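Just so it is clear, the values below take in all heavy atoms, side chains as well, and ignore hydrogens, waters and symmetry mates. All of these numbers come straight from a predicted model, not from anything done at the bench. Chain letters run A, B, ... following the sequence lines, proteins first, then strands; residues in each count from 1.
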Amino acid sequence: MWSIGGRALFKREVQRFVRRPKNTFMPPAITNVLYFAVFGIVLGGRIDEIAGFPYVLFILPGLIVLGAVSNAFENAAFSIFHGRWNEYIDEPLTSPLSYTEIVAAYVGASALRGLLVGVIIGAVGRIFTPIGIKHAAVLAVTMVIVCVLFAGLGLIGGLYARDFDDLTVMNQFILRPLVFFGAVFYSLDVLPSTWRTVSLLNPMVYMVDTIRYGLLGYSDLTPTVSVGVLLGATVAVLALDIWLVKRGVGLTD
Amino acid sequence: MPPAIETERLVKEYGDLRALDEVSLRVEDGEFFGLLGPNGAGKTTFISILVGLVRLSGGSARVFGHDVVDDYREARDAIGIAPQEFNVDRFFPIEEVLMHKAGYHGITHDEAKERAHEVLKTVGIYEKREQRFDWLSGGMKRRLLLARALVTDPDLLILDEPTAGVDVELRHDLWEIVSDLNANGTTVLLTTHYIEEAERLCDRVAILDHGEVVTVESPEDLMDRGTDTIYVTLEADLDAPPALDGYAIDAWIDAGRLAVQVDDGGAVAPRLLRDLSDGGHEVVDLEIARTSLEDIFVDLTERSGGIS
């Protein structure tokens, strides 16, 4: 089980974002109000239904995924890098915490932030469009997996970043393209077959498709396969996280 | 009881630079041990290896018998470290910073709070407990680093230049606190530039230079390695020192006075006076200058090629 030390680090990480809602929860809420206002009210009526769903309803799962994974990634990357930058990451590093506990605390807290942001976006979306949950278990499991996956990736980003610009670059040049080509705003069925195949290399596609299945009951891919792919990727990333922390990459000289 | 610190042929290399070159040291449980050396001697690298902030390149290091690599959790649990640099979490009030650190060491929330209050009182900044680190003065920040090192009640307290840049009052406060801790059984490893600090506090000191141990001795033994200089003012000035065979290491004229370097000034002075009198010189005044620990330190590190 998780030791007192591991729980203490997890708690500190959670407090770090819970105590600053203006920096952590307000921005995604406001951004998504704007998304829903534009795509639901201003443009929504002029865009055809996709797979039988109004456009705003179709993109809602993607926006939830976008917000959740962005926040999970950003939280882990920022927290690790800021700790390195100001060297206070030495506090847990010089403590009797196992490397697995350190990873679990940072990734767990960041994933929790992603999940909370996902719930906030879902609640905001509910104001603009009637949405239910078709497959609650699939939705819950997938949300947890994708938030852990991107928190784990964020930890790697935080370890390798050399300055704050690197964090921005990761978000702008890696995360955002994955999201925009991840079938958030369109169905895979509208793509030519070659691009559809290429899209399957993008983990975001599986995430959005499975969350869409959980919420709307519609998917382009087989949900169990998607969950399997995401779970495999998550386990691999967590193993890499633990290995990097144990090696002291970005943490020790 | 295993030694508090035991290193065997400890090596740290940064590319071509060998920061620690087969350092073998043993610090006994309960000892107050000083690590002296010029900048870049490898002092901070040495202590950083003990707490896991630097990976060793060769050799081994143990803290109370726990290998710092294989049994890193046990080794780190025994150590409280106050580093030279301010590496404190800026997000939280300092009381919580201390509670977090205690928590990482497996101390429950309520006990962590109790200990945080206790150590904040010990270092004299309890009334600042709800402030964040950035709002503290420089001296208070230094006190907080000590409080953080103490909050886990460590068996080995490591202080890396704890009094660098602090005022005299704070320096004496810190000396008193760590002396009391040591008297109550805590092993202390101190790195410092202040020779007076080592002389006053340490049971033994190791002088490190260019990553190598130059010597390990008590401050008293180190002092005994030094020489004395006897300055003699004579009625009539000398152009050159007289022959003082058998006991003078060196002799020269210094600002009109005869200067004689000897091993033990107190023992040699009567013989020197007698020889001068026998030589027809009238002695007006005599002064014996002892070599300071600082002089010995500089001499040792210069001999090993340290200070240029």
Colleague: Under 3.5 Å, side chain of B/Arg73 to main-chain N/O of A/Pro96, donor-acceptor pair present?
Modeller: yes
Colleague: Can you list everything that forms a side-chain contact (heavy atoms from CB on, under 4.5 Å) with A/Ile4? Sequence neighbours excluded, please.
Modeller: A/Arg7, B/Thr108
Colleague: Given that the side chain runs from C-beta out, which part of A/Phe10 has a heavy atom under 4.5 Å from chain B: side chain, backbone, both or neither?
Modeller: neither
Colleague: What part of B/Phe86 gets within 4.5 angstrom of chain A, counting heavy atoms only: side chain, backbone, both, or neither?
Modeller: backbone
Colleague: What's the separation between atom CG in B/Asp89 and atom CD1 in A/Ile89, rounded to the nearest 0.5 Å?
Modeller: 10.5 Å
Colleague: Using every non-hydrogen atom in the two residues, find where A/Glu91 and B/Lys101 come nearest and quote the distance to one decimal.
Modeller: O-NZ, 3.2 Å
Colleague: Out of B/Arg90, B/Glu96, B/Glu74, which one racks up the most heavy-atom pairs below 4.5 Å with chain A?
Modeller: B/Glu96
Colleague: If I take atom CD1 from residue B/Ile81 and atom OG from residue A/Ser95, how far apart are they, to the nearest 0.5 angstrom?
Modeller: 11.0 Å
Colleague: For the atom pair CD1 (B/Ile158) and OG1 (A/Thr94), what is the distance rounded to the nearest 0.5 Å?
Modeller: 10.0 Å
Colleague: Atom NZ of residue position B/Lys141 - does it have more than 12 heavy atoms of other residues, nucleotides or ligands inside 6.0 Å?
Modeller: yes
Colleague: Any idea how A/His82 and B/Phe91 line up, ring-wise: parallel (<30°), tilted (30 to 60°), or perpendicular (>60°)?
Modeller: tilted
Colleague: Any side-chain heavy atom of B/His100 within less than 4.5 Å of one from A/Leu9?
Modeller: no
Colleague: When the ring centroid of B/Tyr72 is compared with that of A/Tyr99, is the distance short of 6.0 Å?
Modeller: yes
Colleague: Quick check on the structure: residues of residues 52-68 of chain B within a heavy-atom distance below 4.5 Å of chain A, by number.
Modeller: B/Gly52, B/Leu53, B/Val54, B/Arg55
Colleague: Is it true that, when you exclude A/Arg20 itself, more than 12 heavy atoms of the residues, nucleotides or ligands shown sit nearer than 6.0 Å to its CZ?
Modeller: yes
Colleague: Determine whether more than 12 heavy atoms belonging to other residues, nucleotides or ligands lie under 6.0 Å from atom CZ of A/Arg162.
Modeller: no
Colleague: Please flag which part of B/Ile79 lies under 4.5 Å from any non-hydrogen atom of chain A: side chain, backbone, both or neither.
Modeller: neither
Colleague: Just verifying a value: how many Å separate A/Asp90 CG and B/Ser48 OG, rounded to the nearest 0.5 Å?
Modeller: 8.5 Å
Colleague: May I ask you to test the A/Leu97-B/His105 pair for a side-chain heavy-atom distance under 4.5 Å?
Modeller: no
Colleague: Can you tell me which portion of B/Glu85 sits under 4.5 Å from chain A's heavy atoms? Options are side chain, backbone, both or neither.
Modeller: side chain
